[in-house]
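Written below as structure tokens is the structure these notes are about.
We're numbering straight along the sequence, starting at 1. Whatever order the structure lists ligands and atoms in, that order sets their numbers, starting from 1. What you are looking at is a predicted structure, and each value in this text was computed from that prediction instead of being measured.
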Amino acid sequence: MDEPEISVVIPAYNEEGNIFFLYKKLSNVLKSLNKKYEIIFVDDGSKDRSLEVLKKIKDKALKIIVFRRNFGQTAALDAGFKHSKGKIIIAMDADLQNDPEDIPRLISKLKKGYDCVSGWRYKRKDSLIKKFFSFKAKIIRKLIAKDNVHDSGCTLKAYRKKCFENLTLYGEMHRFIPLILSIKGFKVGELKVRHHYRRLGKTKYGPLRVFRGFLDLLVVKFWMQYSTRPIHLFGGLGIMSGLSGLIIGLYLLYIKFILQQGIANRPLLMLSVLLVILGVQFIMFGFLADIMIKLYYEKTTNYSIKEIL
Ligand code: UDP
Ligand code: MG
């Protein structure tokens with residue numbers, strides 16, 4: 001069979017200065033493994049000479065996917081994964097911050113029975129502010145989703161191809177791939193990897209991305225817990241809200257009819273009405289979400305089969 005065994009997927013957006021050096025270094029490492037490999041660069045709508053640099057490289061092992069415009073790193077990774085032929089897929093950044101020399105170690109750890117081995121940049125070479133926000137993000141990830149992976153944002157990871165059957169990545173979900181995979185029941189491990197300062201080109205993300213990351217995390221958490229039963233979340237909120245409104249309402253009735261005092265000028269009255277209306281809204285929303293989920297799961301399943309014996 002002439003199919004490659006290892007596919008390396010590299011999203012690149014305006015990385016003209018880095019691509020060739022990375023390609024050279026990476027090819028040397030991959031050759032030393034003595035396995036058939038392919039290198040997939042995804043040019044994510046670069047506006048610089050990245051694509052020209054890529055086209056100049058003459059190598060049968062090189063595949064270039066060219067996006068029409070910039071669709072983002074997650075989309076680029078997704079396209080790369082979907083076009084990979086190898087049973088083992090490595091993802092890495094194009095900016096030389098990840099080190100190809102770590103790939104053999106990632107693969108040997110993967111072979112110890114993992115489905116995904118995630119790189120951990122334990123000596124991360126980024127600005128202090130970025131590291132600070134990442135640290136915060138890690139705590140939130142741990143608290144909300146019980147995700148114990150130290151460095152989920154590191155692109156350098158090794159996967160088995162089967163991780164991506166029935167999985168489409170969208171938005172900025174690439175930072176939560178280990179979490180998503182472990183939710184699906186895949187075995188995820190970690191390995192300390194090197195990290196270098198970016199020497200050429202610019203980072204595409206400011207430190208404020210952590211806020212968007214937080215919202216994405218909420219989506220993952222919601223998906224993980226309630227994707228098959230949204231009514232439990234919305235219905236629960238609805239009942240809590242409606243019941244509180246009702247209790248306050250009863251209290252106001254007591255004041256009006258037993259204590260014989262006026263309640264028209266009491267802010268509590270407004271709160272009570274608000275809570276009851278909100279409660280009804282939440283429950284209705286839960287029903288709608290349930291209908292949508294039913295439609296969604298007609299096309300796919302919420303479980304993932306390991307093997308059939
Ligand atoms: N990238 C991409 N599309 C984008 C943004 C980034 O393909 O819209 C690529 C980028 O070229 C790099 C990797 O994703 O190879 C990581 O981006 P960057 O180095 O800017 O992130 P940082 O290391 O600063 O977190
Ligand atoms: Mg980088």
Quick one: does NZ or CZ of Arg124 land under 6.0 Å from the six-membered ring centre of Tyr122, within 45 degrees of the ring axis?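 No, cation not above the ring by the 6.0 Å, 45° rule.
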Side chain, backbone, both or neither: which part of [X] comes within less than 4.0 Å of ligand 1 when only heavy atoms are counted?
X	answer
Asn70	side chain
Glu15	side chain
Ala12	backbone

Determine, using ring centers only, whether Tyr170 and Trp223 are less than 6.0 Å apart. no
Tell me: protein heavy atom nearest [atom], and distance?
atom	value
atom 9 (C) of ligand 1	Pro11 O, 3.7 Å
atom 4 (C) of ligand 1	Asp44 OD2, 3.4 Å
atom 21 (O) of ligand 1	Tyr205 CD1, 3.4 Å
atom 14 (O) of ligand 1	Gln73 CD, 3.2 Å
atom 1 (N) of ligand 1	Tyr13 CB, 3.8 Å
atom 25 (O) of ligand 1	Arg209 NH1, 3.2 Å
atom 23 (O) of ligand 1	Gln97 OE1, 2.9 Å

Examine all N, O or S atoms of Thr203, backbone included, and report whether one is under 2.8 Å from the Mg ion (ligand 2).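 Looking at Thr203, which is the residue asked about, there is no N, O or S atom under 2.8 Å from the Mg ion (ligand 2).
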Do the charged groups of [X] and [Y] touch, with an N to O distance under 4.0 Å?
X	Y	result
Glu38	Lys85	no
Lys82	Asp78	yes
Lys204	Glu15	yes

Taking Lys184 for its side chain and Leu167 for its backbone only, find out whether a donor-acceptor pair lies under 3.5 Å.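 No; zero donor-acceptor contacts below 3.5 Å.
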Provide the number and element of each atom of ligand 1 under 4.0 Å from a heavy atom of Lys204. 5 (C), 6 (C), 20 (O)
Provide the number and element of each atom of ligand 1 under 4.0 Å from a heavy atom of Arg198. 18 (P), 19 (O), 20 (O)
Least distance between heavy atoms, Val9 atom then Ser84 atom: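 Smallest heavy-atom distance, with atoms named: CG2-OG, 3.6 Å.
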Positive for side-chain contact (heavy atoms from CB on, under 4.5 Å) with Asp147, one of Arg141, Met224, Lys221: Arg141
Check whether any N or O atom of Thr203, backbone or side chain, sits under 3.5 Å from an N or O atom of ligand 1, and answer yes or no. yes
Rounding to 0.5 Å, atoms SG (Cys163) and CD1 (Ile180) come to a distance of 11.5 Å
Between Arg175, Glu172, Lys130, Arg121, which one has a non-hydrogen atom sitting closest to atom 22 (P) of ligand 1?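 It is Lys130 that holds the nearest heavy atom.
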Pick from Asp93, Asp43, Asp95: the one approaching atom 19 (O) of ligand 1 most closely through a non-hydrogen atom: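 That would be Asp95.
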Any side-chain donor-acceptor pair under 3.5 Å between Tyr297 and Ser227?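 Judged by distance alone, the side chains do pair up.
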Of the N, O or S atoms in Asp95, the one nearest the Mg ion (ligand 2):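 Going through the N, O and S atoms of Asp95 one by one, OD2 ends up nearest to the Mg ion (ligand 2).
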So do Glu3 and Lys36 actually touch side chain to side chain, heavy atoms under 4.5 Å? no
